[in-house]
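A short worksheet on the structure shown next.
Ligands are counted one by one from 1 in listed order, and the atoms in each one are counted from 1 as well. No experiment lies behind these values; they were computed from the predicted model shown. Computed over heavy atoms, backbone and side chain alike; hydrogens, waters and symmetry mates excluded.
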Amino acid sequence: MHLQVSNVCKSFGHGKAAKLVLDNVSFELHSGQFVALVGSSGSGKSTVMRLIAGLESISSGAISIDGQPVTGPGSDRGMVFQKYSLYPWLSAAQNVAFGMELQGRSRTDVRERTSYFLEVVGLADSARCLPRELSGGMQQRIAIARALAAEPKVLLLDEPFGALDIQIRESMQEFLHQLWQRTGLTALLITHDLEEALLLANRVHIMAPNPGRLVRSVEMTLDRAPMAQLRVSPEFLALREDLAQGLRVLEPNLQP
Ligand SMILES: Nc1ncnc2c1ncn2[C@@H]1O[C@H](COP(=O)(O)OP(=O)(O)O)[C@@H](O)[C@H]1O
Ligand SMILES: [Mg+2]
């Protein structure tokens, strides 16, 4: 799998009211990679994701998957959003099965894969629960299971843990990291949380607003200690501070 975003510009509105939201954004993602886009609110992260998802059209430039231009939504891209997007009237298992049923898989196949992916996200025991009976973190794990079950080439995660409390957020970060290591999934994570991006991704692109653009790109080469250790290791903290400084320079109005 090769996702290529090349010189993408996006404007909303027309004529004098047109607003350039993305300016010449380029990056790529290969199978097994975990790439994060990090930037403050309004830097165009969700717009990048919606363009890759085919929910919005680009103004100029190109987005392709394995050389094929993206022209609309497709099951080769699995999506997880910040707000729990589960169907409230369906059980956890029915939510996971939903996309696969649309794909026209056989009943047996859907049933087996549903159990498998509930197992993968550690929620086999909650198969019959309705979303409202599950915590926010569990609901997001179901949303991830649902996205993975459709066998996407790439998982697109837009602030997936943004609505969660800090402790749950940290355990979900650990969960996603382990899932990536175990299943070798390919993921694009969008977040405003620099720490989250650095903990999870092997490449981090930093975005700045007005207009939204990539301003820096870092390859994560720090030793992969267990996440709790990595979070507080001097090398990690130094890298995080260095990048945070750079972001503050770009957004002077956020300086104290
Ligand atoms: N459909 C739209 N119409 C007009 N402006 C939009 C639309 N979607 C996003 N924008 C604008 O694009 C900019 C980037 O938004 P977004 O991609 O949501 O940023 P982020 O996800 O980084 O917070 C914002 O200024 C936002 O107001
Ligand atoms: Mg957003």
Side-chain angles (χ1 to χ4, degrees), residues 3-29 34-63 70-73 77-86 136 139-140 143-144 147 152 154-166 168-169 172-173 176 187-201 203-218 240 243-244 246-255:
L3 167 69
Q4 199 157 21
V5 175
S6 315
N7 308 108
V8 165
C9 296
K10 174 69 182 172
S11 310
F12 286 109
H14 297 283
K16 281 199 176 140
K19 185 184 172 198
L20 183 64
V21 163
L22 292 178
D23 186 15
N24 212 30
V25 171
S26 299
F27 67 93
E28 54 186 353
L29 181 59
F34 197 130
V35 170
L37 290 183
V38 57
S40 58
S41 168
S43 56
K45 306 180 298 297
S46 294
T47 303
V48 171
M49 164 123 165
R50 292 174 58 78
L51 291 172
I52 296 172
L55 298 172
E56 205 89 66
S57 59
I58 50 185
S59 302
S60 66
I63 299 180
V70 166
T71 53
R77 287 145 288 157
M79 319 266 290
V80 178
F81 300 99
Q82 173 174 352
K83 298 262 172 56
Y84 318 131
S85 41
L86 300 179
Q139 291 185 42
Q140 276 309 61
I144 292 170
V154 56
L155 188 61
L156 305 173
L157 304 147
D158 191 351
E159 308 266 9
F161 311 142
L164 303 175
D165 295 344
I166 184 71
I168 300 177
R169 203 179 162 101
M172 288 296 289
Q173 290 164 350
L176 186 57
L188 178 64
L189 170 72
I190 278 168
T191 177
H192 64 271
D193 182 344
L194 183 56
E195 179 187 63
E196 179 166 282
L198 294 173
L199 284 172
L200 287 168
R203 179 166 284 281
V204 176
H205 299 294
I206 295 185
M207 294 189 71
N210 304 314
R213 63 206 188 275
L214 300 193
V215 287
R216 197 163 162 191
S217 178
V218 252
R240 185 182 146 185
L243 294 171
L247 282 172
R248 282 195 283 271
V249 171
L250 286 162
E251 294 176 51
N253 52 353
L254 292 183
Q255 257 169 2

To check you understand the geometry: which heavy-atom pair defines the closest contact between [X] and [Y], and what is its length?
X    : Y    : result
R240 : L198 : CA-CD1, 3.8 Å
M207 : V48  : CE-CG2, 4.1 Å
G78  : P152 : N-CB, 3.3 Å
L200 : F34  : O-CG, 3.6 Å

Salt bridge (charged side-chain N to carboxylate O under 4.0 Å, His left out) involving D23 - partner list, sequence neighbours excluded: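 Not a single residue meets the salt bridge (charged side-chain N to carboxylate O under 4.0 Å, His left out) criterion with D23.
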
Which residues pass the salt bridge (charged side-chain N to carboxylate O under 4.0 Å, His left out) test with R50, not counting sequence neighbours? E56

So which protein N/O/S atoms does the Mg ion (ligand 2) have within less than 2.8 Å? S46 OG

At what distance, to the nearest 0.5 angstrom, does CG of D193 lie from CD1 of I166? 7.0 Å

Approximate separation, where rounding is to 0.5 Å, of H205 NE2 and F27 CZ: 6.0 Å

Residue contacts for ligand 1, heavy atom to ligand atom, distance under 4.0 Å: F12, K19, V21, S40, S41, G42, S43, G44, K45, S46, T47

Kindly say whether L243 contributes a backbone atom to a donor-acceptor pair with the side chain of R216 at under 3.5 angstrom?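 No; zero donor-acceptor contacts below 3.5 Å.
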
